Structures are given as C-alpha cells and as structure tokens.
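Remember, it's a predicted structure, so these values are computed and weren't measured experimentally. Per chain, numbering begins at 1; letters A, B, ... match sequence-line order.
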Amino acid sequence: MAYWLMKSEPDVYSYDDLVREGEGTWDGVRNHLAAQHLKAMQVGDQALFYHSNIGKEAVAVMTISGAAIPDPTEPEGTRWVAVKVKPLRKLSRSIPLAVIKGEPRLAEMAMIRQSRLSVSPVRDSEWAVLMELASENGG
DNA sequence: GCCAACGTTGGC
DNA sequence: GCCAACGTTGGC
C-alpha cells in the first residue's frame with residue numbers, strides 16, 4: 001500500500017465536503033507529474049487531505065476507492081485522469097505546513113521540495129512521522 | 001497584495 | 001531549439 005498527499009483549497013473543496021458526499025472524484029489535476037501520481041494510485045492506498053491557501057494544514061486521511069479513470073471534467077480524448085476517494089478519518093490534530101517544514105525528518109518530502117505539486121507521494125517513514133505529529137500524545 | 005517557482009506559449 | 005512573456009499555484 002502506498003501513501004500520498006493531495007491538496008485542495010478548502011473554499012473550493014474541503015474535507016467536510018468529501019465527508020458530506022461520501023465519495024468524491026479527485027479531478028481537475030492539470031499537471032503531468034501530479035497526473036502520473038494519480039495513475040500510480042491503487043485502491044486501498046491512503047492519502048493525506050491537505051488544505052492549501054486557507055489553513056495550510058493536513059487535516060484528514062482518505063482512502064483511494066477507485067483507480068485512475070479519464071477525468072470527467074475534460075473532453076474525451078485528453079489524457080488527464082481522476083481517481084475516486086473516500087474519507088477515512090479526521091486527524092486528532094491537523095498538521096500545519098509550518099510544523100512539517102520544521103520537522104527535519106520531513107525535509108525530503110515531495111510536497112516540501114516542490115511546493116506547487118498538488119498530488120505527491122509520501123514515503124512510509126514520512127507517513128509514520130506525520131501520524132506521530134497528528135496524534136494527541138505523539139511528537 | 002506580492003512574489004517565487006514552475007509550466008506553457010509563441011516569436012524568432 | 002532557445003528564451004522571453006505570460007499564467008497559475010500557493011506560501012508569505
């Protein structure tokens with residue numbers, strides 16, 4: 001199972017919106033590297049839901065419920081893709097970007113190294129650190 | 001609101 | 001094929 005981090009501006013689409021929907025389609029990705037990551041996702045993978053711009057924090061964990069399909073917001077024939085996601089759990093403590101940046105063990109995270117990438121992989125070791133930061137008694 | 005990073009477009 | 005101009009993302 002792989003781990004990911006996916007960004008969304010909460011005033012456009014927030015974690016609460018996903019909870020309300022039950023299952024969401026992660027579409028609108030228009031970056032080739034991000035799209036590559038979408039294609040690599042498998043059902044059962046887990047992803048951090050990160051609120052960009054407003055909040056700037058990871059707020060929840062979701063699970064990939066459907067592998068890559070042609071992006072329904074694009075006309076047929078284009079190669080952009082979307083995946084299906086379902087909410088899993090809200091983090092006990094959300095993880096602000098500042099905390100991620102201040103954690104040396106997360107310095108190599110893809111989202112830190114390339115801040116504008118909206119879909120990025122998270123290593124197992126990084127995931128463990130993030131979950132530690134998100135727990136009530138960890139850190 | 002500003003600006004850095006990055007991608008895309010178009011002139012040459 | 002290079003590179004300047006421009007648009008977008010997203011942090012500050």
Side-chain angles (χ1 to χ4, degrees):
Chain A
M1 177 179 59
Y3 297 110
W4 310 93
L5 182 143
M6 299 161 89
K7 296 182 185 179
S8 178
E9 298 185 35
D11 56 339
V12 177
Y13 191 80
S14 71
Y15 181 69
D16 287 342
D17 292 328
L18 176 60
V19 170
R20 209 168 297 128
E21 275 192 327
E23 183 176 36
T25 303
W26 205 274
D27 55 27
V29 172
R30 297 292 179 271
N31 173 282
H32 291 291
L33 185 53
Q36 239 172 271
H37 296 322
L38 289 179
K39 287 176 190 169
M41 289 179 183
Q42 296 186 324
V43 173
D45 285 359
Q46 292 187 11
L48 270 178
F49 196 123
Y50 176 83
H51 282 175
S52 62
N53 248 312
I54 301 168
K56 281 167 279 183
E57 56 189 9
V59 295
V61 180
M62 52 189 172
T63 183
I64 306 304
S65 56
I69 52 167
D71 188 330
T73 66
E74 273 287 291
E76 296 220 11
T78 55
R79 64 272 158 227
W80 298 117
V81 294
V83 296
K84 295 278 192 181
V85 295
K86 279 183 180 173
L88 210 55
R89 64 177 183 277
K90 213 163 200 164
L91 300 178
S92 306
R93 281 191 310 201
S94 56
I95 313 168
L97 178 64
V99 169
I100 297 175
K101 283 192 162 176
E103 172 52 68
R105 290 173 293 170
L106 299 178
E108 298 297 310
M109 266 187 80
M111 80 153 317
I112 297 300
R113 302 190 66 138
Q114 194 175 343
S115 67
R116 288 182 53 212
L117 190 59
S118 62
V119 179
S120 59
V122 178
R123 296 179 188 148
D124 289 4
S125 58
E126 293 164 346
W127 187 269
V129 172
L130 289 161
M131 291 304 114
E132 175 189 315
L133 293 172
S135 72
E136 297 292 350
N137 50 4

> Does the side chain of A:M111 reach to within under 4.5 Å of the side chain of A:E126, using non-hydrogen atoms?
Replying inline: no

>> Expressed as a whole number of angstroms, how long is the span from A:N31:CG to C:dG10:C1'?
In response: 13 Å

>> So A:W127 and A:L48, do their side chains get closer than 4.5 Å, heavy atoms only?
In response: yes

> For A:M109 and C:dG11, what is the distance between atoms CE and P respectively, to the nearest whole Å?
Replying inline: 12 Å

> Can you tell me how far P of C:dT9 sits from OH of A:Y13, to the nearest Å?
Replying inline: 18 Å

> Reckon A:K101 has a side-chain N or O less than 4.0 Å from the OP1 or OP2 of C:dC12?
Replying inline: yes

> Quick one: A:K7 NZ to B:dC6 P, roughly how many Å, whole number?
Replying inline: 11 Å

>> For a quick test of reading the model: is some side-chain N or O of A:Y50 closer than 4.0 Å to OP1 or OP2 of C:dG11?
In response: yes

>> Rounding to an integer number of Å, can you tell me how far A:M111 CE sits from C:dT9 C1'?
In response: 12 Å

> Nearest-Å distance, CZ (A:R113) to C1' (C:dG11)?
Replying inline: 18 Å

> When the distance from CE of A:M6 to C1' of C:dG10 is rounded to whole Å, what number comes out?
Replying inline: 17 Å

> Among C:dT9, B:dT8, C:dG11, which is the nearest nucleotide to the side chain of A:R116?
Replying inline: C:dT9

> A:N53 CG to B:dA4 P: how many Å, rounded?
Replying inline: 17 Å

> Any N or O donor-acceptor pair linking the side chain of A:R30 to the base of C:dT8 at under 3.5 Å?
Replying inline: no

> Between A:W26 and A:Y13, what is the ring plane arrangement, given parallel below 30°, perpendicular above 60°, and tilted in between?
Replying inline: perpendicular

> Quick one: do A:E108 and A:R113 make a salt bridge, cutoff under 4.0 Å?
Replying inline: yes

>> It should be established whether A:H51 places a side-chain nitrogen or oxygen under 4.0 Å from OP1 or OP2 of nucleotide C:dG10.
In response: no

